[in-house]
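Report on the following structure.
When a residue number appears, it is its place in the shown sequence, counting from 1.
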Amino acid sequence: MSQPETPIGQAPNAWRSIQAIVFASWLNVLLIFIPISWAINFALPDNHTLIFVLTFLAIIPLAKLLAFATDELSLRVGQTLAGLLNATLGNAVELIVSIIALAKCQLTIVQSSLVGSVLSNLLLVLGMCFFAGGLRFSEQGFGQSAVQLNSSLLTISVIAVLLPGAFHMALQGSAEYNELSTDYAILKTSHGVAIILLFIYASYLVFQLFSHKALYDDDNEDVQQTKGYDGENPFRLRRKHKRKNNITGEQYVLSPSSTHDVGVATTSSSTHPEVAIRDVEPGGHSAGKSQAEQPLMSVVVCLWLLVIVTVLVAVTAEFLVDSIDGLTESGAISKEFVGVILLPIVGNAAEHVTAVTVSVKDKLTLSLGVAVGSSIQIALFVIPFIVTLGWIMGKPLTLLFDPLESIVMFLAVITVNYVVQDGKSNWLEGMILMCLYLILAVTFWYYPGTTGIFPEC
């Protein structure tokens, strides 16, 4: 469990490790916004729009570095322990932002940002993966059984979100309706349901990491075969990448040490960007090229990077949350749009790019792990964990979400379930999912949100 399946090469020294961090991603150029956003927050505290934009840009590269450090640690342990590590650190940015918003009693932001993360991964990211892969392949196949199981888990989470709303509506029409007693009953119901959802997530980890690991492998017999276009590809993208794809296309084999990213992909998405790049880009480390996996950082530097990035995310996220009220008070933009559409981009931008990149390389199982797996972790772990944490902190956070958010989440899960049920994808299915996300973005731009959902903090 604690031993890596592939031999690990000698760890680089501290200087080499720091170089690897600096050149880990082009997104590191956005790190300049960290000191700028902090300075603006103290120098111009009333300029909420500018603070929001700068802190928004500053958190994106921090999320990428957090993923990079987590992946480097995962290389040094076995597949099972790597899965647990990914499950713990995956979606860390979303979790930190939610905890800070919860502490400040920004309950609307907490709920809408978590729903937005699910919608972003299920519709935008998955749609982009299907569309980008469909430009090169007529049909791309993936493991049908694993995806259907994931759809069932998402459906369970949606039911848990819809039930408190039905509870509230059923009591509203009764003669004995009392707002205080109803709010108390919904709060207690949410606490009980949250504990059950956490138990389901723990069971899912056991299923995926121990009893049914093979179900999530790329070479599983349940995976549908990818088909190219008959004759000439109607999209010019194929000509541009034809030579490159002979090296990095569907014939490229994932390294054994990175198989946990396929098996654990549905558990976490945060650690996949670096692994995906290592697996699909020319010159990366793989089993086909080397028997030993060469780490890019030492363990000490990895741990320090995790600590430093977590602190930077926490401080920057606090400034971000503080600026939301000032940003939305003019009425030009609503809290619902900020939470559902804008905030999910903060923690997901880096992995969005990776998911699309590997889908073009015919690694759709990994793409599905990034998109659907992240949604499962948000729905079955982060949401009930935040509700339970609110219970401990004395905050009245419930599973009674905004009615429109609940309905939209339900429709998104149903749509994705229909799209993936045949185990194949094409570019039109991706276009459908992306267009649905754009429809939701337009809707939430004009949606003012509801008031009076939560009791006073």
Of Val413, Leu126, Leu154, the one forming a side chain to side chain contact (heavy atoms under 4.5 Å, CB included) with Ser375 is Leu154

So ring-ring contact (aromatic ring centres under 6.0 Å, His included) across residues 99-132, not counting sequence neighbours, yields none

Closest non-hydrogen contact found for Leu122 with Leu433 is O-CD1, 4.1 Å

So do Leu404 and Phe444 actually touch side chain to side chain, heavy atoms under 4.5 Å? yes

By side-chain hydrogen bond (donor to acceptor under 3.5 Å, both in side chains), Ser181 pairs with (sequence neighbours left out) Asn178

Between Met393 and Ala103, the two heavy atoms sitting closest are CE-CA, 3.8 Å

Quiz item: Are the side chain of Gln111 and the backbone N or O of Thr398 linked by a donor-acceptor pair below 3.5 Å?
Solution: yes

Do Tyr437 and Ile341 have side chains that approach each other closer than 4.5 Å (heavy atoms only, starting at C-beta)?
yes

According to the interplanar angle, ranging from 0 to 90°, do the rings of Phe385 and Phe381 count as parallel (below 30°), tilted (30 to 60°) or perpendicular (above 60°)?
-> parallel

dist Ser406:OG -> Ile159:CD1 (nearest 0.5 Å) comes out at 13.0 Å

When every non-hydrogen atom of Val147 is compared with those of Leu368, the smallest separation belongs to CG2-CD1, 3.8 Å

- request: Please assess Val382 against Tyr201 for the test side chain to side chain contact (heavy atoms under 4.5 Å, CB included), listing each intermediate value before the final yes or no.
  value: CA-CA 10 Å; Val382 178; Tyr201 183 73; over 6 Å; no

Heavy-atom side-chain proximity of Tyr446 to Val442 below 4.5 angstrom:
yes

| field | Side chains of Asn150 and Tyr204 in contact at under 4.5 Å (non-hydrogen atoms) | value | yes

Report task. Begin with the C-alpha distance, continue with both residues' side-chain angles, and end with the deciding distance and a verdict on side chain to side chain contact (heavy atoms under 4.5 Å, CB included) for Ser190 and Ile186. Result -> CA-CA 6 Å; Ser190 299; Ile186 292 177; 4.1 Å; yes

message: Parallel, tilted or perpendicular: which one describes the rings of Trp445 and Phe337, with boundaries at 30° and 60°?
response: perpendicular

Smallest heavy-atom separation, Pro164 atom then Ala160 atom, equals CD-O, 3.0 Å

Rounding to 0.5 Å, atoms CG (Leu124) and CE (Met434) come to a distance of 8.0 Å

In this structure, CG of Leu438 is separated from CE of Met431 (nearest 0.5 Å) by 9.5 Å

Are Thr182 and His168 close enough, and set up right, to give a side chain to side chain contact (heavy atoms under 4.5 Å, CB included), and what steps lead you there? CA-CA 7 Å; Thr182 301; His168 188 264; 4.0 Å; yes

Examine distances only and state if a side-chain atom of Thr328 and a backbone atom of Ile324 form a donor-acceptor pair shorter than 3.5 Å. yes

dist Phe401:CZ -> Thr108:OG1 (nearest 0.5 Å) comes out at 11.0 Å

query = Does some side-chain heavy atom of Val340 sit less than 4.5 Å from a side-chain heavy atom of Tyr447?
reply = no

d(Asp422 CG, Glu139 CD) to nearest 0.5 Å is 7.5 Å

Checking Ser323 side chain against Leu320 main chain: does a donor-acceptor pair fall under 3.5 Å?
yes

Do Ser359 side-chain atoms and Cys129 backbone N/O form a donor-acceptor pair below 3.5 Å? yes

* Does Phe410 CZ have over 12 foreign heavy atoms under 6.0 Å away? -> no

Can you give me every donor-acceptor pair (side chain of residues 54-62, partner residue at least two apart or in another chain, under 3.5 Å) with its distance?
from	atom 1	to	atom 2	distance (Å)
Thr55	OG1	Ile51	O	2.7
Thr55	OG1	Phe52	O	3.1

Does this structure show an ion pair linking Lys424 with Glu429, if we count only N-O contacts that are shorter than 4.0 Å?
no

So Phe142 and Ser425, do their side chains get closer than 4.5 Å, heavy atoms only? yes

Here the pair of heavy atoms bringing Glu94 nearest to Ser117 is CG-OG, 3.7 Å

The residue among Gln106, Lys104, His48 that forms side chain to side chain donor-acceptor pair (under 3.5 Å) with Asp325 is Gln106

Between Leu187 and Leu397, the two heavy atoms sitting closest are CD1-O, 3.7 Å

Rounding to 0.5 Å, atoms NZ (Lys335) and OG (Ser112) come to a distance of 9.0 Å

Chi angles and distances behind the side chain to side chain contact (heavy atoms under 4.5 Å, CB included) call for Thr155, Asn417 = CA-CA 9 Å; Thr155 303; Asn417 186 43; 5.8 Å; no

Side chains of Ile383 and Leu197: closer than 4.5 Å at any heavy-atom pair?
-> no

